[in-house]
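Just below is one structure, and these are the notes that go with it.
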Amino acid sequence: MGSTLKEMRDGSTVLPMSRKSTVGGGVCDVYGEDRATEDQLVTPWTVSVASGYSLLRDPHHNKGLAFSEKERDAYYLRGLLPPACMTQELQEKKLMHNIRQYEVPLQRYMAMMNLQERNERLFYKLLIDNVEELLPIVYTPTVGEACQKYGSIFTHPQGLYISLKEKGRILEVLRNWPEKNVQVIVVTDGERILGLGDLGCQGMGIPVGKLSLYTALGGLRPSACLPVTIDVGTNNEQLLKDEFYIGLRHKRATGQEYADLVHEFMCAVKQNYGEKVLIQFEDFGNHNAFGLLAKYGTTHLVFNDDIQGTASVVLAGLVAALKLVGGTLAEHTFLFLGAGEAGTGIAELIALEMSKQTKQPLEEARKKIWLVDSKGLIVSSRKESLQHFKKPWAHEHESIKELLDAVKAIKPTVLIGSSGVGRTFTKEVIEAMASLNEKPIILALSNPTSQSECTAEEAYTWSQGRAIFASGSPFNLVTYNEKTYIPGQANNAYIFPGFGLGLVMSGAIRVHDDMLLAASEALARQVTRENFDKGLIYPPFSNIRKISAHIAANVAAKAYELGLATRLPQPEDLVKYAESCMYSPVYRNY
């Protein structure tokens, strides 16, 4: 035990600071726990002082009633805990029982966030062991409501808030963060949170939720993850008038002022954490998202989950669905409702894969893909007025205003919704798809559930049970004509945790489109015959860590192949290496 805690001259104790292993600790640049070295002086608020009181309030090391009798003596915990000793499994059982007593999802979300602030390992143990039940709580759809009410439920700051007040001092702000070996940053400016619009500073719930999944599903160490919100104001009048709003109370900064703040942030991140830190852009407005990805994609390790992650998970579902409907990607016709980040990102990745399979030019592959935006079908006659990211999808066709008319004219085999507008796949639209196809593929991807283009029940009922359906947010089982259907969920959580792990464990310095295709291929391979028999085009989330390991291995292999990996030599078995790198939430014996 003496090697685990070090007693200092003032009587305080220091928790273990360095171990030469990645097993159970996650990938680390120095291949060890990244707290500090044993000889390094540490400030009182990061250690357990002699009384043991601070240890019980340190979420990284607190075990609550799971501290053993020996640990209670060694770390001055006697009298600070009730006499009972409990296993982590019993703690988990009790907490899951308590969480299930809450009928309101937001209450369950708050209970989980409180647990994360109290006992980090137990939080992740719950999330990993009960992922299908708790994923909709810590992430979509519940996280959307949490962001809307973030000011009211805010109790404890998570992550870094970088506002216009910090302009010129962002490097200093990053250095205020206690963890020094950060490997993944998820950053938002809160302008386009899910399908809910501008939530300003309250969008912090998204980076916090995403990074929880990086750890639970992808095995990144919690200490390697940094949530960031860039606050440049909000155009949401309701929030500006809300006395509990926690952000800057003015309209959004735009133009050069906005660009300068983001640029300072990107430069400071690279200076503070190095070239291999992954920066994931999350829920930026369309007018900024594409430009940021293009600008920093050549100088930083950046990834936009709304554009690239969504595209990768949807492509994986489509590749799997082809085993049910037959044909190749190039033999199908795709119609999108929604031409923003998600829609154009998915369309582009489908076209890339199609081009790769057929050896056709990318421009030719794009002709099989049609997009509808708020003004109707995107056609060449509209080209001059289109935003730049929509222009590649403007094909020769007469003008069409309504989705139903577009379905009848284009005759798609695949209908994909990324509009952020609920109930737009009407009965007439789905019936039209069913009249054109024996097994229409219908993907209603918008989040949260209230914004989904249709429900699972509507898709199955209106297609007489023939639709191959998946959605962005979860839906319950559907029974139609005495047959039970299990709706699939095209959730980005299938892709980004494993994708991030693959980048980190290979030491990648840039993201390449071929890595996204590699992630899609790995996910599609995880769908079993048993899944297909149930109409599923995605594997169950209960196997997500195994799935993430395979995705990470495929992404890392591609990074090595492209010469973008820096962690050499390449491990012989990348799947086993990925599994060995994953963080374990099981308590340690101190």
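Because the structure is predicted, anything quoted here is derived from the model rather than measured. Count residues from 1 along the sequence. What you see below is based on every heavy atom in this structure, not just the backbone, and it leaves out hydrogens, waters and symmetry mates.
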* To do: Show your reasoning for whether salt bridge (Lys or Arg N to Asp or Glu O under 4.0 Å) applies to R108 and E103.
  => CA-CA 8 Å; R108 294 185 178 192; E103 293 183 5; over 6 Å; no
* Asked: Going through the checks in order, is the ring pair (Phe, Tyr, Trp, His ring centres under 6.0 Å) test met by F303 and F281?
  -> CA-CA 6 Å; F303 170 67; F281 295 122; 9.8 Å; no
* Do E92 and N130 pass the side chain to side chain donor-acceptor pair (under 3.5 Å) test, and can you show the C-alpha distance, the side-chain angles, and the key distance before you say yes or no? -> CA-CA 10 Å; E92 181 181 353; N130 306 275; 3.3 Å; yes
* Could you go through the salt bridge (Lys or Arg N to Asp or Glu O under 4.0 Å) check for D306 and R192 one step at a time? => CA-CA 10 Å; D306 305 301; R192 194 198 61 83; 3.3 Å; yes
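- Using the six-membered ring where Trp is involved, Y139 and F496 have ring planes that are perpendicular, over 60° apart on the 30 and 60° scheme.
- Counting heavy atoms of neighbouring residues, nucleotides and ligands inside a 6.0 Å radius, atom CD of Q238 does not exceed 12 of them.
- Taking a cutoff of 4.0 Å between a charged side-chain nitrogen and a carboxylate oxygen, E89 and K93 do not qualify as a salt bridge.
- Cation-pi check for R57 over Y53 is met; the charged atom lies under 6.0 angstrom from the ring centroid and within 45 degrees of its normal.
- Side chains of S452 and S446: no donor on one and acceptor on the other come within 3.5 Å.
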* Would you please test I279 and L301 for side-chain contact (heavy atoms from CB on, under 4.5 Å) and show each step? => CA-CA 6 Å; I279 304 168; L301 183 67; over 6 Å; no
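- Surrounding CG of N476 are at most 12 heavy atoms belonging to other residues, nucleotides or ligands under 6.0 Å away.
- Using cut-offs of 30° and 60° on the angle between ring planes, the pair Y460 and Y485 is parallel.
- If you check the side chains of N62 and E120, you find no donor sitting under 3.5 Å from an acceptor.
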* Asked: Given the rule in the side-chain contact (heavy atoms from CB on, under 4.5 Å) test, do L443 and L415 qualify, once you have shown the distances and angles that lead to the verdict?
  -> CA-CA 6 Å; L443 307 182; L415 179 63; over 6 Å; no
* Hey, mind stepping through R529 and F532 against side-chain contact (heavy atoms from CB on, under 4.5 Å) and telling me if it holds? -> CA-CA 5 Å; R529 172 48 55 191; F532 285 131; 3.6 Å; yes
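- N492 and D305 form a side-chain donor-acceptor contact under 3.5 Å, judged by distance and modelled atom types alone.
- More than 12 heavy atoms of other residues, nucleotides or ligands sit less than 6.0 Å from atom CD of E579.
- The closest side-chain donor-acceptor pair between T188 and D283, if any, does not fall under 3.5 angstrom.
- In this structure, a donor-acceptor pair under 3.5 Å is present between the side chains of Q91 and Y587.
- Under the 30°/60° scheme for interplanar angles, the aromatic rings of Y150 and F154 are found to be tilted.
- Side-chain contact annotation: T142 with E145, donor-acceptor N/O pair under 3.5 Å absent.
- With no hydrogens or angles considered, a side-chain donor-acceptor pair links S419 and E453 at under 3.5 Å.
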* Asked: For I430 and T426, what are the C-alpha separation, side-chain angles and deciding distance, and is it a side-chain contact (heavy atoms from CB on, under 4.5 Å)?
  -> CA-CA 6 Å; I430 291 175; T426 61; over 6 Å; no
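- In summary, the side chains of E179 and S223 do not present any donor paired with an acceptor at a separation below 3.5 Å, with no hydrogens or angles considered.
- Aromatic ring orientation, Y538 versus Y494: parallel (interplanar angle below 30°, classes split at 30° and 60°).
- Screening I185, V228, V184 against L211 for a side-chain contact (heavy atoms from CB on, under 4.5 Å) leaves a single residue, V184.
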